[in-house]
Amino acid sequence: MQKLALLCKFRSTPEEVAASYDITLAILADPESALDVACGKHGVATGMSPGKGYGNLLLSVEVQVAVMQIACNVLCINNLVAYCPHGSNFMLEMLEMGATMKLVVNMIMGSMMAPFSEGLLLSKKVRLDPSVLVEGAISVPMFSRKGPSMVKSIYPTALPLKHQQKDLRLGLALADSVSQSIPIGAATNELYKVAKSHGLSDEDFSAVIEALKVKSVE
């Protein structure tokens, strides 16, 4: 505990944190928070000086923050903000690769949930036991964790549906930037948008199954 107390110190603002340490890393939930922490009042930018570095990673990955130049030579690239007094961008490139990988992973997860939801609903309608599907035939970790609660129409939030849809949208933009076709991701994104329109934004992303229930009724 004594060692922990020496390592962990409280600062009131991002500016104070940046001024106190050579390298600062922020982990935030959305791009609006990222820009506010970096560039807002008492933000990191005002606490920077030559030789300091700053990186920003989003839990829900945002990779479309525009490239911009702001005061104090703070450079905002995608979802990363770093002070680059000598033009070095090696750390920026490494962090950006990690963020892009996370985005691709989230896009795959979101896309997998849609056909899984279809399978659960179809199983129920043809009088199959959905639990057999969840626990046996395709017992991958994500389906094993999410499936039982989905069968009960319960969606304890781990990754909010609105963030999953955002990652799908950003994945589509990323694919477009390199001319890669991802039609399954595009179709899945539309399904998540339907789920959001029915007030499910803050539910877990597995609640996308409810959008299929609505379509079935219609």
Side-chain angles (χ1 to χ4, degrees), residues 1-110 157-178 180 189 192-193 196 201-202 205:
M1 291 296 290
Q2 189 174 21
K3 289 182 179 180
L4 185 62
L6 291 173
L7 291 172
C8 300
K9 298 181 183 299
F10 175 78
R11 297 291 184 269
S12 299
T13 65
E15 176 186 0
E16 292 180 17
V17 174
S20 300
Y21 300 96
D22 293 335
I23 298 176
T24 302
L25 175 65
I27 301 177
L28 301 163
D30 55 69
E32 292 79 14
S33 298
L35 287 175
D36 185 55
V37 167
C39 311
K41 184 178 180 181
H42 302 301
V44 168
T46 53
M48 299 299 282
S49 60
K52 292 183 179 293
Y54 174 64
N56 175 7
L57 297 177
L58 302 184
L59 293 177
S60 178
V61 185
E62 169 66 82
V63 294
Q64 285 193 330
V65 177
V67 176
M68 62 179 71
Q69 186 77 33
I70 62 172
C72 300
N73 291 326
V74 175
L75 186 63
C76 298
I77 299 181
N78 294 329
N79 67 320
L80 305 175
V81 184
Y83 185 78
C84 302
H86 306 297
S88 173
N89 64 356
F90 174 74
M91 186 58 70
L92 269 175
E93 291 174 356
M94 294 298 291
L95 289 172
E96 186 175 0
M97 287 174 63
T100 302
M101 177 61 76
K102 177 62 173 165
L103 175 62
V104 172
V105 168
N106 279 12
M107 186 189 72
I108 294 171
M109 286 173 51
T157 303
L159 174 62
L161 187 144
K162 61 185 177 184
H163 293 326
Q164 178 62 79
Q165 189 273 320
K166 181 180 68 173
D167 287 349
L168 281 162
R169 171 173 57 82
L170 295 173
L172 290 169
L174 179 65
D176 185 62
S177 72
V178 294
Q180 175 60 54
N189 183 53
Y192 278 87
K193 286 164 65 176
K196 285 176 62 179
S201 292
D202 294 320
F205 76 103

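- When all heavy atoms are compared, the tightest approach of Leu174 to Ser177 is O-OG, 2.5 Å.
- A side-chain hydrogen bond (donor to acceptor under 3.5 Å, both in side chains) with Asn189 holds for exactly one of Arg169, Gln165, Gln164; it is Gln165.
- Here the CG-CG distance, from Asn106 to Leu170, works out to 10.0 Å after rounding to the nearest 0.5 Å.
- Minimum heavy-atom separation, Met48 to Ala18: SD-CB, 3.9 Å.
- Residues forming a side-chain contact (heavy atoms from CB on, under 4.5 Å) with Ala175 (at least two apart in sequence, or on another chain): Gln180, Ile182.
- To the nearest 0.5 Å, atoms CG (Asp167) and CE (Met109) are separated by 9.5 Å.
- Qualifying side-chain contact (heavy atoms from CB on, under 4.5 Å) partners for Ile108, counting only residues two or more places apart in sequence or in other chains: Val104, Met112.
- Going from atom NE2 of His42 over to atom CG of Asp36 covers 11.0 Å, rounded to the nearest 0.5 Å.
- Rounded to the nearest 0.5 angstrom, Lys196 NZ and Lys193 NZ are separated by 8.5 Å.
- Side chains of Val44 and Val37 form a contact here, defined as non-hydrogen atoms less than 4.5 Å apart.
- With Thr13 contributing its side chain and Glu16 its backbone, the two residues share a donor-acceptor pair below 3.5 Å.
- When all heavy atoms of Tyr21 and Lys52 are compared, the pair lying nearest together is O-NZ, 2.9 Å.
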